[in-house]
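For the single chain, residues carry numbers from 1 onward in sequence order. Every value quoted in this text rests on a predicted model; they were computed, and no experiment measured them.
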Amino acid sequence: MDILGKRIRYLREKYQLSQKQLATRVNLTNAQLSRYELGERKPDPEIIKDIADFFDVSTDYLLGRTDNPDLIEEKNEESLLDPELGVFFKEIKNAPEDRQEQLRKIWEIIKSEGNREAGDKQ
């Protein structure tokens with residue numbers, strides 16, 4: 001069973017729905033839903049969206065891209081406005097831990113220099 005199937009089944013059982021009940025509510029056959037839960041077939045994106053909408057979770061959660069089922073995760077607004085900044089944050093997040101620590105130290109130095117310069121101008 002893949003992550004998508006596991007999460008569909010988990011949510012269905014959490015809300016005490018049978019496969020037939022969920023299938024009916026998202027316009028699927030019981031057999032289709034069963035195959036999705038078992039990982040035997042992959043639903044098309046529209047079906048994934050319908051299931052996510054039904055359970056009020058994000059499609060990223062269903063697909064295993066996040067463990068947070070909330071529809072909107074907290075994100076840095078600047079990274080949403082500046083794609084280059086978003087890529088930068090993603091690269092840092094994926095860097096090895098020792099590299100992340102080095103980057104944090106460098107950032108602290110840059111911040112403290114900026115604070116000092118702002119104080120000198122006053």
- Task: Please assess T29 against Q32 for the test side chain to side chain contact (heavy atoms under 4.5 Å, CB included), listing each intermediate value before the final yes or no.
- Result: CA-CA 5 Å; T29 66; Q32 285 174 304; 3.2 Å; yes

- Take F54 and L17 through the test side chain to side chain contact (heavy atoms under 4.5 Å, CB included) and record every step on the way to the result. CA-CA 12 Å; F54 178 80; L17 296 169; 3.6 Å; yes

- Task: Tell me, with the steps shown, if K6 and E37 meet salt bridge (charged side-chain N to carboxylate O under 4.0 Å, His left out).
- Result: CA-CA 6 Å; K6 285 179 183 176; E37 285 188 6; over 6 Å; no

- Could you go step by step and tell me if E13 and R9 meet the salt bridge (charged side-chain N to carboxylate O under 4.0 Å, His left out) rule? CA-CA 6 Å; E13 290 176 347; R9 182 177 179 175; 2.9 Å; yes

- Task: Please lay out, stage by stage, how E108 and K111 fare under the test salt bridge (charged side-chain N to carboxylate O under 4.0 Å, His left out).
- Result: CA-CA 5 Å; E108 290 302 320; K111 273 188 355 184; 3.5 Å; yes

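Here the closest non-hydrogen pair linking I8 and I51 is CD1-CD1, 3.9 Å. Contact detail for L33 and Q19: the closest heavy-atom pair is CD2-O, 3.2 Å. Contact detail for S58 and A52: the closest heavy-atom pair is C-CB, 4.1 Å.
Distance check: N30 CG to T24 OG1 gives 8.0 Å after rounding to the nearest 0.5 Å. A distance of 6.5 Å separates CD in E40 from OG in S34, rounded to the nearest 0.5 Å. The CG atom of N68 sits 9.5 Å away from the OH atom of Y61 when rounded to the nearest 0.5 Å.
Using a 4.0 Å cut-off between charged nitrogen and carboxylate oxygen, R25 and D53 do not count as a salt-bridge pair.
Applying the side chain to side chain contact (heavy atoms under 4.5 Å, CB included) rule to E46 yields the partners D44, K49, D50; only residues at least two apart in sequence or on another chain are considered. Here F55 pairs with Y15 under the ring-ring contact (aromatic ring centres under 6.0 Å, His included) rule; sequence neighbours left out.
When the options L28, I48, D2 are evaluated for a side-chain contact (heavy atoms from CB on, under 4.5 Å) with Y36, the one that passes is L28.
Heavy-atom neighbours of R104 CZ from other residues, nucleotides or ligands within 6.0 Å: above the threshold of 12.
Q102 and R99 are linked by a side-chain donor-acceptor pair at a separation below 3.5 angstrom, with hydrogens and angles left out of the test.
A donor-acceptor pair is defined here as one N or O able to donate and one able to accept, closer than 3.5 Å; such a pair exists between the side chain of Q21 and the backbone of S18. Looking only at distances, no side-chain donor or acceptor of R7 sits under 3.5 Å from a matching main-chain atom of L63.
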